[in-house]
Amino acid sequence: NLEHVRFGRMEKRFDEAAFGRLVSAMEDATGKRFSEGERRKLAMGAGEEDLVKSGLEETMVTAWHAISQTRARLSDAVDTRTAAFVLSIDKIAVSYKDLGIFP
């Protein structure tokens, strides 16, 4: 990526081209044509905001699963906030151990 193009922009163009081919295949299969506006809507790739929201959603879902597993490991008597704290401290402990700081 020598041009420093944001990955979302590259992916958007790839998606738009792929969706455009699908729209063309649908038109060929049905014998009906979409208007230019419909074609543009159907072939639109993900925008920058869509990609950011998708990435944030993935981060939140992954974090929620990790917290839920920690809560189940500790017993369901522990609340979600405490499970999140325990998970955070566990991550810090692993980092310290990997760096040779503790013990």
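As the structure is a prediction and not an experimental result, all values here were calculated from the model. All heavy atoms count here, side chains included; hydrogens, waters and symmetry mates do not.
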Set of side chain to side chain donor-acceptor pair (under 3.5 Å) partners for [X], sequence neighbours left out:
| X | answer |
| --- | --- |
| Asp98 | none |
| Arg73 | Asp90 |
| Ser35 | Glu38 |

Does anything in residues 23-32 pair up under salt bridge (Lys or Arg N to Asp or Glu O under 4.0 Å), and if so which pairs, sequence neighbours excluded?
Glu27-Arg33, Glu27-Arg39, Asp28-Arg33

CD1 of Ile92 to CD1 of Ile101: how many Å apart, nearest 0.5 Å?
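If I round to the nearest 0.5 Å, the distance is 11.0 Å.
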
In Å and rounded to the nearest 0.5 Å, what is the CZ to CG distance from Phe85 to Asp79?
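Reported value, rounded in 0.5 Å steps: 9.5 Å.
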
Partner residues of Asp50 under the salt bridge (Lys or Arg N to Asp or Glu O under 4.0 Å) criterion, sequence neighbours left out:
none

For Lys41, which residues count as a salt bridge (Lys or Arg N to Asp or Glu O under 4.0 Å) partner, sequence neighbours excluded?
none

Does the side-chain contact (heavy atoms from CB on, under 4.5 Å) test come out yes or no for Trp64 and Thr80, once each step is laid out?
CA-CA 9 Å; Trp64 173 254; Thr80 306; 3.6 Å; yes

Is there a donor-acceptor pair closer than 3.5 Å between any side-chain N or O of Thr82 and the backbone N or O of Val78?
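No; zero donor-acceptor contacts below 3.5 Å.
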
Test: Glu49 and Lys53 ion pair at under 4.0 Å:
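Yes, Glu49 and Lys53 are salt-bridged.
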
Please report the closest heavy-atom contact between Ile67 and Ala84, naming both atoms and the distance.
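Looking at all heavy atoms of both residues, the shortest contact is CD1-CB, 3.9 Å.
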
Looking only at heavy atoms, what is the nearest atom pair of Gly20 and Ala43, with distance?
N-CB, 3.9 Å

Within the 4.5 Å heavy-atom criterion, are Phe34 and Leu42 side-chain neighbours or not?
yes

